[in-house]
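In what follows, every chain begins at residue 1, and chains take the letters A, B, ... in the order their sequences are listed. All values reported here derive from a predicted model rather than from experimental measurement.
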Amino acid sequence: MGDIAFLLIIFFMLTSNFIKEAHIELTPPAAPELETLETTPVAIAVDRDGIVWLQGKECPPSLVENAVEALIEDKRDKTVTLRVDKDLPHGSYGSVIMALSRAGAEIAMIGTKTGDDRP
Amino acid sequence: MQIKRRKPDAPEINVGAFSDIAFLLIIFFILTTTFVRPAGEKLQIPAGTTDPEQKDRKQLTITLAPNEILYGEKGDTVTIEQLREKLLRERLPKRPAEDRIIILETDPVVPYETYFQAVMAITNAGGVLALVEPSDEEAPAP
């Protein structure tokens, strides 16, 4: 009994991936027509100060393309989760989206689902 | 007289409590690994430079200006709800793939929320997004 329990504990400890992006401060944008997505192995975020975080680590915007390309190279699922603060100007996130598309990634844009439409 | 010699008992550990703790830990891990499924939308943005030949095709352009959304060639100002309706009326899924491309031009000051809602509207209407950086603002260094 205890043996099985411990095997299960070890299994859950190994499979649980802890949230790497807890320290990144951003408010996701809202839109009504969102689907539920799976979590992806590669995640990129741009926080409210415009700092780019790749896999929970700070990454200069100029290196995003090559870094993402290297990360998704050997993966079957080329989806990259993108979280950006809702008030950030396009000058800060536009280059990141461009870099992701050039790296050949499929972008999963994350937001919060709303019932009401905000203009 | 026979001395009763008791065999010393093999030491035993109370395993019952042990497995209780183990199961508590299991329950903890099961609850903490409840996968947080984010809400969003997946999209593939075709990468590449603007092909001069493609400029002849009439592709729908949506411009996100600092305070307004401009729809199409004529540049009608629309709200995000009107944009959604107009895009649905285009019946994009019935068109051939190359005619589903929608060009999105974004001003550098546009907040992400506006951009995000425009992208969601385009994707939901079945459009394929093509990004264009305003050429005079952010020209790549040669």
Among B/Val109, B/Thr123, B/Ile69, which residue has the highest count of heavy-atom pairs closer than 4.5 Å to chain A?
B/Val109

Could you tell me whether the side chain of B/Lys42 reaches within less than 4.5 Å of the side chain of A/Leu37, counting heavy atoms only?
yes

Between A/Val80, A/Val84, A/Leu100, A/Asp87, the one whose heavy-atom pairs under 4.5 Å with chain B are most numerous:
A/Val84

OG1/B/Thr106 to OH/A/Tyr93 distance, rounded to the nearest 0.5 angstrom?
6.0 Å

Flag yes if more than 12 heavy atoms outside A/Asp49 fall under 6.0 Å of its CG atom; otherwise flag no.
yes

According to a 4.5 Å side-chain heavy-atom criterion applied to Ile, Leu, Val, Met, Phe, Trp and Tyr, with indirect links allowed, do B/Ile80 and B/Leu104 form part of one hydrophobic cluster?
yes

Considering only heavy atoms, which portion of A/Thr36 lies under 4.5 Å from any heavy atom of chain B: side chain, backbone, both, or neither?
both

Determine, using the 4.5 Å side-chain heavy-atom cutoff (strictly less than), whether B/Phe28 and A/Phe11 are members of one ILVMFWY cluster.
yes

B/Leu43 side chain reached by A/Glu106 side chain, heavy atoms, under 4.5 Å
no

Between B/Phe116 and A/Leu34, is any pair of side-chain heavy atoms under 4.5 Å apart?
yes

Co-membership, hydrophobic cluster, residues B/Ile26 and B/Leu24, 4.5 Å side-chain
no

Taking side chain as C-beta onward, heavy atoms only, is B/Arg84 less than 4.5 Å from A/Pro32?
yes

Is B/Leu87 reachable from B/Leu70 through a run of I, L, V, M, F, W or Y residues, each pair having side-chain heavy atoms under 4.5 Å apart?
no

Least distance between heavy atoms, A/Pro89 atom then B/Pro108 atom
CB-O, 3.3 Å

Is the backbone N or O of A/Glu35 less than 3.5 Å from a side-chain atom of B/Glu41, with the two atoms forming a donor-acceptor pair by type?
no

To the nearest 0.5 Å, what is the distance between NE2 (A/His90) and OG1 (B/Thr114)?
11.0 Å

Indicate yes or no: at least one non-hydrogen side-chain atom of B/Tyr115 is less than 4.5 angstrom from one of A/Met109.
yes

Do other residues, nucleotides or ligands put more than 12 heavy atoms under 6.0 Å from the CD1 atom of A/Ile4?
no

What's the shortest heavy-atom distance between A/Ala31 and B/Met120, and which atoms?
CB-CG, 4.1 Å

